[in-house]
Amino acid sequence: MTRLRKSARREQIILELQHHPHVRTSELAARFGVSTETVRRDVEALSQEG
């Protein structure tokens, strides 16, 4: 998969969590071609946004 822009990646994270409430950051990182830390930052930012 090609690397997504931050906003697109975060939208995909939201969609994934709507379908599967429990996902591993490592799985998302591999899917999006980013580090687990990047996924964690995305999830943290999404959480702060509500």
Side-chain angles (χ1 to χ4, degrees):
M1 174 178 227
T2 58
R3 209 174 249 198
L4 299 173
R5 289 189 348 240
K6 185 189 311 185
S7 60
R9 187 177 61 241
R10 290 181 178 180
E11 286 179 26
Q12 289 298 311
I13 290 171
I14 290 169
L15 289 173
E16 183 66 27
L17 289 171
Q18 288 173 340
H19 289 98
H20 307 284
H22 302 282
V23 295
R24 295 186 183 276
T25 56
S26 58
E27 292 172 3
L28 293 175
R31 182 179 306 167
F32 301 136
V34 297
S35 70
T36 56
E37 289 301 315
T38 297
V39 173
R40 285 186 186 124
R41 284 191 297 269
D42 286 344
V43 171
E44 178 66 28
L46 289 167
S47 177
Q48 289 178 359
E49 292 173 8

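Note that the coordinates shown come from a computational prediction; the quantities given were computed from them, not determined experimentally.
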Can Glu44 and Arg41 be counted as an ion pair, charged N to O under 4.0 angstrom?
->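 A salt bridge is absent here (no side-chain N lies under 4.0 Å from a carboxylate O).
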Looking at CD1 of Ile13 and CD of Gln18, how far apart are the two atoms once the value is rounded to the nearest 0.5 Å?
->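 One finds 12.5 Å between CD1 of Ile13 and CD of Gln18.
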Going from CZ on Phe32 to CG on Asp42, what distance comes out if it is rounded to the nearest 0.5 angstrom?
->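 If we round to the nearest 0.5 Å, Phe32:CZ and Asp42:CG are 8.5 Å apart.
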Determine the minimum heavy-atom distance between Thr36 and Ser26, stating which atoms define it.
->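 It is CG2-CA, 3.7 Å.
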Does any non-hydrogen side-chain atom of Arg31 lie less than 4.5 Å from one of Gln12?
->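 No - every pair of side-chain heavy atoms lies 4.5 Å or more apart.
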Note, Glu49 side chain near Arg10 side chain (heavy atom, < 4.5 Å) =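 Heavy-atom side-chain distance check passes, below 4.5 Å.
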